[in-house]
Each structure stands twice: as structure tokens, then as C-alpha cells.
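Here the structure is a predicted model, which is why all the values come from computation and not from measurement. We're numbering straight along the sequence, starting at 1.
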Amino acid sequence: MSGYVDLQVNGYAGVDFNSAKLTESEMVAACQRLQADGVDKILATIITAPMPQMIDSIQRIARWIDEVAEIREVVAGLHIEGPFINPADGFVGAHPIDAVISANIDDAARLIDAGGSHVRILTLAPECDPGGIVIRYLSDQGITVSAGHSNLSLDELDRSIDSGLAMFTHLGNGCPATQPRHDNVIQRVLSRADRIAISFIADGHHVPIFALKNYLRCIPTDNIIIVSDAISAAGLGPGKYPLAGQTVYVDAAGAAWAECRTHYAGCATPLRRMHEILATELSATDSLIDAWMMDNPRRLGITPAI
């Protein structure tokens, strides 16, 4: 199977897209490996870091999209994940807490300008954007605004959707392992599944297969997106790997752990393997998998809205 469209790729096959030392040749090599593994298009994902570092990373990849055909063929744009996320323990995930800031138009504009015309998605926590000002600003520019690493209330979710929020990033992750049993961010988002797209990491680690099956039953087919959230470890097996200045440990089962071993830090599972999991363990049909891994992500995250 080929033709996958992945809206969240932090790195691949030993290459960390968030590294300040990332080279053009490394980026080309990662793109070639992605193609070999059946991936047609990706959004290169830049995660929370000090603003100058994020801007440098965004500018670097945006320039290569413009100038390097081998990269442009695979990298359809950029997904900026942070720095406007919830800094609370659990919700911040593997993002460096000291680089998290409240949403504001000035910094949002700096990030978008750094990417030229190539920013497709920006993930933020709506509760860190009072009044939805940044959400509306980004949406008006044709950028898909996604909530993530967020503990937004139901009222905040509704207001954000009205302001232009179109998606939720890797539901079931970027949140604490222990939450209120009913009124939690997962249940709130699922209750609005007819209004926004929702992405999941289908590696069997980030969301247990039985839970993923339950979640997918709650969401219209057109609103389901499977992402890899791949890091440099993707496709390489157990070991130690870099992610934006951190060390990530991949265990024998293929799960990628932060150095503290208390939470996951990205994913080491390629989309091809996720396809196998969806087909064999969830009995998903080819047409559903095509929608979740090709058609929906292309429509919602690759094609510019303007």
C-alpha cells in the first residue's frame, strides 16, 4: 500500500526535523525513506521550543520546500505544534515547559511569516487563547487550527469551533494518564465529533486498540485522521534517538518513551505498520483506511483553504 498522507511527522529514519543541525541531505534522505515506506505527502512538524529556535527550524524547511525538488515532492507544508499549549503536567507532554507561552497574535504572526506560504496546521490549546483571537487570526489566513495538549472546557471548545477551530491533534494523548472519569478532554472532544476532525496515533501504544475502536465508532468517517507523530526513531527499532534536544528511548515493543519513562515522546511506528494494525486488529476495511490515512488528511491538512 502507498499514498499515505501524514499530517504530523517530527522526523524519520534517524533524521530529526527539529534539530538545529538538520541538513538538506538528511532531509532528502528522510523524504526518500518515507516514499519507500509508502508515504506520499507529509507535514513536517516543528514542536515547542524557544521562539528563535522554532523560527529557524520553520525557515529552514520552508526554504527547502521552495528550493529542493526531492523535498518538495514529499513535504507538502508545515505543522507547527506549540508553543501555545497548556503547560500543566500531563497536558504539556514531551514539550519543554519553559518554552510554552500564551497565544498571542504577534508571536503567531512570526511563526507563520517564517514559513512563508507553507504553514498548513497550527496546534494550540484554546484555553491559552482567550476569546479565540489567535484561532480566528490563523483561520482567516486559511491555516487549519487544531486543538491539542489542551484541557479546554466544553464552552471553550464550542467557542473555538465558532472562531474557526477545525481539528483536534492526537486525541487521547497530550493529556494526563489519570483524569476525571466522565468530564475530561477526551469525552468533551468526542461529544463534538460531528463538528471537527480528530486525529489519532494508531500504533497500539498511544491509544490501546480497544479504546481506539470505541473512539472511532463515535466519529463520522470524514472526520477521522490517522497520524504517525513520527520521530527520528521511526522505522529503526529499539534504541536511543534524538527529538528536539531530548533523548527518546524506544523499547522492544516499539513504544517511544521520554527519558523520565513516564510518558510517550512521539512515535516510532511507520504508517504502513499502523495500516496493518487497523486492518488486522480493528477489521477496518480498505475504503475506511484509505479515508483515514489518505483522503481525509489530504483534504483537511494538505490542500490550502485559500
Side-chain angles (χ1 to χ4, degrees), residues 1-19 22-47 54 57-82 114-123 143-144 146 148 167 169-170 197 199-203 206 224-236 241 243-244 256 266-275 289-305:
M1 177 65 69
S2 62
Y4 303 124
V5 176
D6 195 342
L7 301 186
Q8 195 168 3
V9 182
N10 310 281
Y12 205 79
V15 178
D16 180 9
F17 297 169
N18 287 264
S19 171
L22 178 65
T23 67
E24 178 183 315
S25 61
E26 288 174 333
M27 194 74 184
V28 169
C31 289
Q32 291 172 338
R33 177 62 184 274
L34 282 158
Q35 288 178 311
D37 288 346
V39 179
D40 182 37
K41 299 290 183 184
I42 70 163
L43 295 185
T45 302
I46 302 302
I47 70 169
M54 291 187 74
S57 294
I58 292 166
Q59 288 177 331
R60 182 183 304 116
I61 296 177
R63 183 176 68 252
W64 290 337
I65 295 172
D66 287 332
E67 298 176 357
V68 184
E70 296 97 326
I71 294 174
R72 182 169 58 251
E73 186 176 352
V74 176
V75 183
L78 292 153
H79 178 167
I80 302 174
E81 187 184 0
S117 61
H118 299 303
V119 177
R120 296 286 181 264
I121 298 176
L122 190 143
T123 291
I143 294 167
T144 297
S146 187
M167 182 176 165
T169 294
H170 55 46
S199 73
F200 294 94
I201 305 169
D203 62 353
H206 282 78
I224 296 171
I225 295 173
I226 301 299
V227 297
S228 71
D229 198 19
I231 61 172
S232 63
L236 297 182
Y241 302 95
L243 171 63
C267 176
T269 303
L271 280 187
R272 189 187 298 277
R273 173 58 185 149
M274 294 190 188
H275 182 139
I289 294 173
D290 285 353
W292 300 342
M293 302 183 76
M294 300 180 193
D295 302 336
N296 295 346
R298 186 179 297 276
R299 171 173 52 86
L300 293 165
I302 298 294
T303 304

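- The minimum heavy-atom distance linking Phe17 with Val9 is given by the pair CD1-O, 3.2 Å.
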Taking distance alone, no hydrogens or angles, what donor-acceptor pairs closer than 3.5 Å link side-chain atoms of residues 58-68 to residues at least two apart or in another chain?
from, atom 1, to, atom 2, distance (Å)
Arg60, NH1, Ser19, O, 3.4
Arg60, NH2, Ala20, O, 3.4
Asp66, OD1, His118, NE2, 2.8

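- Across all their heavy atoms, Ile226 and Met274 have their closest contact at CG2-SD, 4.1 Å.
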(message) I'd like to know whether Leu300 forms a side chain to side chain contact (heavy atoms under 4.5 Å, CB included) with Met167, so could you lay out the CA-CA distance, the side-chain angles of the two residues, the decisive distance to 0.1 Å, and finally the verdict.
(response) CA-CA 9 Å; Leu300 293 165; Met167 182 176 165; 5.6 Å; no
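- Heavy-atom minimum distance, Ile224 versus Asn296: O-ND2, 2.9 Å.
- Listed by chain and residue number, Asp16, Tyr241, Pro242 satisfy the side-chain contact (heavy atoms from CB on, under 4.5 Å) test with Ser232 (two or more places apart in sequence, or in another chain).
- Considering CD1 of Ile302 and CZ of Arg120, their distance stands at 7.5 Å, rounded to 0.5 Å.
- For the pair Ser57 and Ile46, the tightest heavy-atom approach, listed with the atom from each and the gap, is CB-CD1, 3.8 Å.
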(message) Show, in sequence, the C-alpha distance, side-chain angles and deciding distance for Asp37 and Leu271, and conclude whether the side chain to side chain contact (heavy atoms under 4.5 Å, CB included) test is met.
(response) CA-CA 8 Å; Asp37 288 346; Leu271 280 187; over 6 Å; no
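- One N or O on the side chain of Lys41 and one on the backbone of Glu73 form a donor-acceptor pair closer than 3.5 Å.
- In this view, Ala13 and Arg33 satisfy the side-chain contact (heavy atoms from CB on, under 4.5 Å) rule, not counting sequence neighbours.
- Between the side chain of His79 and the main chain of Leu7, a donor-acceptor pair closer than 3.5 Å is present.
- A distance-only check finds a donor-acceptor pair linking the side chain of Asp6 to the backbone of Ser228 [under 3.5 Å].
- Looking at Asn10, its side chain never comes within 3.5 Å of a backbone N or O of Asn18 through a donor-acceptor pair.
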